[in-house]
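Numbered from 1 within each chain, the chains take letters A, B, ... in sequence-line order.
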2 protein chains.
Amino acid sequence: MGTTQLESVPEPKYWHLKTVLSQALDSEFSVGEILPNERDLAARFGVARATLRQALEQLELEGRLQRRRGVGTTVAPPRMGVSLGTGPHVWPGGPDDAWQPVDCTTAVPPAAVAEVLETGPDEPVHIVRRSRVSHGRPVAAELLYVPQFSVPELSGIDAPSGAARARAVLRELQRPALERQENAVELGSAGADDAKELDRLPGAPVLVVTTRFVAAGRTAALSVATYRADTCRLTFGDAGGVEIHAGPQRKAS
Amino acid sequence: MGTTQLESVPEPKYWHLKTVLSQALDSEFSVGEILPNERDLAARFGVARATLRQALEQLELEGRLQRRRGVGTTVAPPRMGVSLGTGPHVWPGGPDDAWQPVDCTTAVPPAAVAEVLETGPDEPVHIVRRSRVSHGRPVAAELLYVPQFSVPELSGIDAPSGAARARAVLRELQRPALERQENAVELGSAGADDAKELDRLPGAPVLVVTTRFVAAGRTAALSVATYRADTCRLTFGDAGGVEIHAGPQRKAS
DNA sequence: AAGTGGTCTAGACCACATA
DNA sequence: ATGTGGTCTAGACCACTTC
């Protein structure tokens, strides 16, 4: 009769919507193309705008879409591989360094950082701000904490702050020999500062990479770098990483 | 609590709310404690429930909260460090293997996987499902794609499917010598299958780790593992990783 | 000025866990 | 049966970019 069929597993609308849109992106759109605006899309699919947005949000999280306020929603290119390196070659300011110093201040670090650095709770350290650009786009913002003892030769004659001082600190940091490094990756959301540097809104998802550089048996520096989670695929190991993306899936026929 | 007035730069409500809640979590709550329900919290802060939820969502993304339907919202423990390893010791089924085989089927992999494995577009491979448990909690679900040529000695007499066959495949996979491995980490959202295995809802944020195992100059196996982004901090390198969490921040005074 | 995505509201109903 | 978080709606206004 007129009764609706019993849905044993009622899939959420936004979930189904995401699937439909994902397939449409594969078959009917090309990279960089702009989608219809959210109000039109919502009307076309017969859902509220909030529901449509929930689907778009997920697709953006997966790196399939890029949304910019005042502009529109575009189809994102595949994520770019960003190498983090694991060997002993990646030392701040070293040969393969992809980072660009931005600024440098001297201040007391957060308690959690001071603990790792084994500095006193009120002992100031050098805080170098660096940014990483790849393929012409900003991909990461970093705070590099350098304790005073790691750069003993740092002359006060150098610039007291700014990019010049950042370079001076990095230069001095290269003197001791690197013993090892440790990496950790976790999910986070961009703070106001990082968001601005990454050209994203605050709260944007980021991959937080914390790296501890050890020299002479002590933590010589601590790096906290936030990578844009929407555009980056972090690669480790010997080569550039594996190219695995969802892409158009084949259906059993 | 007290209302805060700022008009110069209209900070989004949910952003401010997130900050307030974050501080409250540090000072007034302990791990495992349950928060008031969303309707009460929204009323207490004088916002709509949707706005309150936007703040909770971010805090959950950052691993500060854990929300379970029908139960409530609790304060999450610090993320657990999960070692991925980088040395040549981590081979599926090897000594330090933290994975538990669940199932095994033989099927044609997605096109993107077949390309990396250098198998024909219609050539079936072994697909081993494994799960990883840490501290009594499921942390990752994996699909391990093993081409036929990597396990030539696999006897048809072994179990045709199920956990028994998974173990057989892993056993045979250990014969060739590992040359190197490549890792990549990116953000994704859990599919229906993974979500169930990870005890999360579909769409939950996950860290997708793809690992290519190379032996005899060829890709011997490809692993696509999804880690719970809310509870896991992936660690690389020699040791257990760095313990950096936001924690109570001190304010400049 | 017009159009876009971002934020916010005040409801409603549903799925799930627990008692 | 009750209470929780999850989904959904139909609006409104705001911040930003572009024309």
Side-chain angles (χ1 to χ4, degrees), chain A residues 4 6-19 21 33-61 65-76 189-190 192 195-196 199-205 230, chain B residues 6-19 21 33-61 64-76 189-190 192 195-196 199-205 230:
Chain A
T4 52
L6 179 63
E7 301 275 348
S8 59
V9 179
E11 197 177 38
K13 275 189 185 178
Y14 80 91
W15 186 260
H16 178 243
L17 203 51
K18 175 192 153 187
T19 306
L21 284 170
E33 204 171 343
I34 69 173
L35 270 60
N37 71 56
E38 296 182 349
R39 291 163 179 84
D40 284 353
L41 275 179
R44 180 177 311 186
F45 287 103
V47 299
R49 191 179 156 217
T51 304
L52 185 269
R53 277 179 62 80
Q54 209 170 344
L56 294 183
E57 235 158 72
Q58 285 237 354
L59 290 172
E60 191 180 30
L61 202 76
L65 292 179
Q66 182 166 0
R67 296 192 288 175
R68 277 176 300 176
R69 168 154 52 177
V71 179
T73 302
T74 60
V75 180
S189 55
K196 194 172 182 180
D199 192 26
R200 297 289 294 164
L201 289 178
D230 56 341
Chain B
L6 13 120
E7 300 295 336
S8 55
V9 178
E11 198 178 38
K13 276 188 184 178
Y14 79 92
W15 186 259
H16 178 242
L17 202 50
K18 174 192 153 188
T19 305
L21 284 170
E33 203 171 344
I34 68 173
L35 271 62
N37 71 55
E38 297 183 349
R39 290 162 180 85
D40 285 353
L41 275 179
R44 179 178 312 188
F45 287 103
V47 300
R49 189 177 159 222
T51 304
L52 185 270
R53 278 180 60 81
Q54 209 170 343
L56 294 184
E57 236 158 72
Q58 285 237 354
L59 290 171
E60 190 181 29
L61 201 76
R64 307 287 310 276
L65 292 179
Q66 183 166 0
R67 297 191 288 175
R68 276 175 302 175
R69 167 153 53 179
V71 179
T73 302
T74 60
V75 181
S189 54
K196 194 172 183 181
D199 193 26
R200 298 289 294 164
L201 289 178
D230 56 341

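- Between the side chain of B:R49 and the base of D:dG6 there is at least one donor-acceptor pair of N/O atoms closer than 3.5 Å.
- The NZ-C1' distance, from A:K13 to C:dC14, rounds to 13 Å in whole Å.
- Counting distance only, with no hydrogens placed and no angle test, the side-chain atoms of B:R39 and the base atoms of D:dG5 include a donor-acceptor pair under 3.5 Å.
- Where A:A50 and A:G70 each meet DNA chain D at their nearest nucleotide, the meeting point lying more 5' is that of A:A50.
- In this structure, B:Q54 places its CD atom 14 Å from P of D:dG6, rounding to the nearest Å.
- We find that CG of A:L52 is positioned 14 Å from C1' of C:dT4, with the value rounded to whole Å.
- Rounded to whole angstrom, the span from the CZ atom of A:R67 across to the P atom of D:dA15 amounts to 19 Å.
- The CG-P distance, from A:L201 to D:dC14, rounds to 18 Å in whole Å.
- Note on B:R68: every side-chain N or O is 4.0 Å or more away from OP1 and OP2 of C:dA17.
- Between the P atom of C:dC8 and the OH atom of B:Y14 lies a distance of 7 Å, rounded to the nearest Å.
- Each of B:R53, B:R44, B:R69 was compared with B:E38 under the salt bridge (charged side-chain N to carboxylate O under 4.0 Å, His left out) criterion, and only B:R53 meets it.
- The phosphate of D:dG3 has neither OP1 nor OP2 within less than 4.0 Å of any side-chain N or O from B:N37.
- Residue B:T73 is the one, among B:T73 and A:A48, whose nearest nucleotide of DNA chain D lies closer to the 5' end (criterion: closest heavy atom).
- Listed here is the closest heavy atom pair of A:L21 and A:A55: CD1-CB, 4.3 Å.
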